[in-house]
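Encoded as structure tokens, the structure appears first; notes follow it.
What you see below is based on every heavy atom in this structure, not just the backbone, and it leaves out hydrogens, waters and symmetry mates.
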Amino acid sequence: MIKVLLADDQALVRAGFKALLDAQPDMTVVAEASDGAQAVRLAAEHQPEVVLMDIRMPGTDGLTATRQMPPGPHIIILTTFELDEYVFEALRGGASGFLVKDTEPAELIQAVRVVAAGEALLSPSVTRRLIAEYASRAKEPVLADGLDQLTDREREVLALVGTGMTNDEIAAKLFMSPATAKTHVSRAMMKLHARDRAQLVVIAYESGLVKPGWL
């Protein structure tokens with residue numbers, strides 16, 4: 001059973017999400033929060049696998065709450081606009097991906113399952129547009145801790161992850177099996193202490209392995 005925490009200041013939005021998710025045989029909403037500070041407290045108490053986090057809430061907003069989350073839960077940022085200025089910061093802070101609030105119910109349900117399984121919720125097209133736009137505003141490249149531990153092949157794979165490629169696409173480009181590509185991605189995540197694929201994308205840009213405008 002996938003345990004989900006809802007964080008949104010609008011009770012009606014939470015009620016809709018709760019009814020939808022609780023109707024699934026493999027999901028249960030274990031807690032609801034109306035602001036970011038409450039979301040952090042409830043996450044520590046209930047230890048959900050997934051947090052649906054509204055990025056704009058009074059008091060402690062979703063961005064701050066994402067940074068303060070205890071280890072464990074995978075965070076899906078909910079935003080009104082696809083290219084929200086805070087989304088890149090949320091990914092940098094540990095979010096696994098994002099959804100617009102008017103997404104179809106089936107897409108929301110699938111998103112929860114994908115993120116609970118440890119995958120990042122970032123389609124290649126959205127990754128390219130979003131990260132390229134906001135990473136271009138970043139400061140000079142900063143080498144991530146552990147980057148020097150990567151093999152040349154792992155660096156190559158990390159750069160391709162940064163462009164939004166899937167494991168299958170990486171495998172085709174580098175003439176390897178998808179399983180081998182997945183292994184390289186997993187090793188890079190471990191060495192860089194990345195929570196998931198979304199953080200690898202951020203690291204690839206911030207370390208200069210990929211530059212905005214290359215895509």
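With rounding to the nearest 0.5 Å, the separation of CG in Asp61 from CZ in Arg67 is 8.5 Å. Distance OG/Ser186 to NZ/Lys191: 12.0 Å, rounded to 0.5 Å. Distance CG/Asp102 to CG/Leu78: 11.0 Å, rounded to 0.5 Å. For the atom pair Ile109 CD1 and Glu104 CD, the distance stands at 11.0 Å (nearest 0.5 Å). Taking CG from Leu174 and OG1 from Thr180, the interatomic distance works out to 10.5 Å, rounded to the nearest 0.5 Å. Put simply, CD1 on Ile203 and CE on Met189 are 9.5 Å apart, with the number rounded to the nearest 0.5 Å.
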Might you work through the side chain to side chain contact (heavy atoms under 4.5 Å, CB included) test for Asp22 and Thr28, ending with a clear yes or no?
CA-CA 5 Å; Asp22 279 345; Thr28 181; 4.0 Å; yes
Full working for side chain to side chain contact (heavy atoms under 4.5 Å, CB included) between Leu147 and Leu192
CA-CA 7 Å; Leu147 197 66; Leu192 296 171; 4.2 Å; yes
Where do Lys101 and Asp54 land on the side chain to side chain contact (heavy atoms under 4.5 Å, CB included) test, with the steps shown first?
CA-CA 9 Å; Lys101 279 192 171 182; Asp54 185 15; 3.4 Å; yes
What's the verdict on side chain to side chain contact (heavy atoms under 4.5 Å, CB included) for Leu6 and Val13, showing C-alpha distance, side-chain angles and the deciding distance?
CA-CA 9 Å; Leu6 302 177; Val13 172; over 6 Å; no
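For the pair Leu5 and Ala39, the tightest heavy-atom approach, listed with the atom from each and the gap, is CD2-O, 3.4 Å. Taking all atoms of both residues into account, the shortest heavy-atom contact from Met53 to Ala65 is CE-CB, 3.7 Å. The heavy-atom pair separating Ala194 from Leu200 by the smallest distance is CB-CD2, 3.9 Å. Of all the heavy atoms in Arg155 and Asp148, the pair that sits closest is NH2-CA, 4.0 Å. Heavy-atom minimum distance, Leu99 versus Ala111: CD1-CB, 3.7 Å. Among all heavy-atom pairs drawn from Arg113 and Met27, the shortest one is CG-CE, 3.5 Å.
Met176 and Leu158 fall within a single hydrophobic cluster, where Ile, Leu, Val, Met, Phe, Trp and Tyr side chains are chained together by heavy-atom contacts under 4.5 Å. At a threshold of 4.5 Å between side-chain heavy atoms, the hydrophobic network of Ile, Leu, Val, Met, Phe, Trp and Tyr places Ile76 and Leu20 in one connected group.
Formation of a donor-acceptor pair under 3.5 Å by the Glu154 side chain with backbone atoms of His184 is not found in this model. Between the Arg14 side chain and the Asp8 main chain, a donor and an acceptor come within less than 3.5 Å of each other. The backbone N or O of Pro178 sits nowhere less than 3.5 Å from a side-chain atom of Asp168 that would complete a donor-acceptor pair. In this structure, Thr103 contributes its side chain and Val100 its backbone to no donor-acceptor pair below 3.5 Å.
Contact of the Val29 side chain with the Phe17 side chain is not registered, since no non-hydrogen atoms from C-beta on lie closer than 4.5 Å. Using a 4.5 Å heavy-atom threshold, the side chains of Asp35 and Asp9 count as separate.
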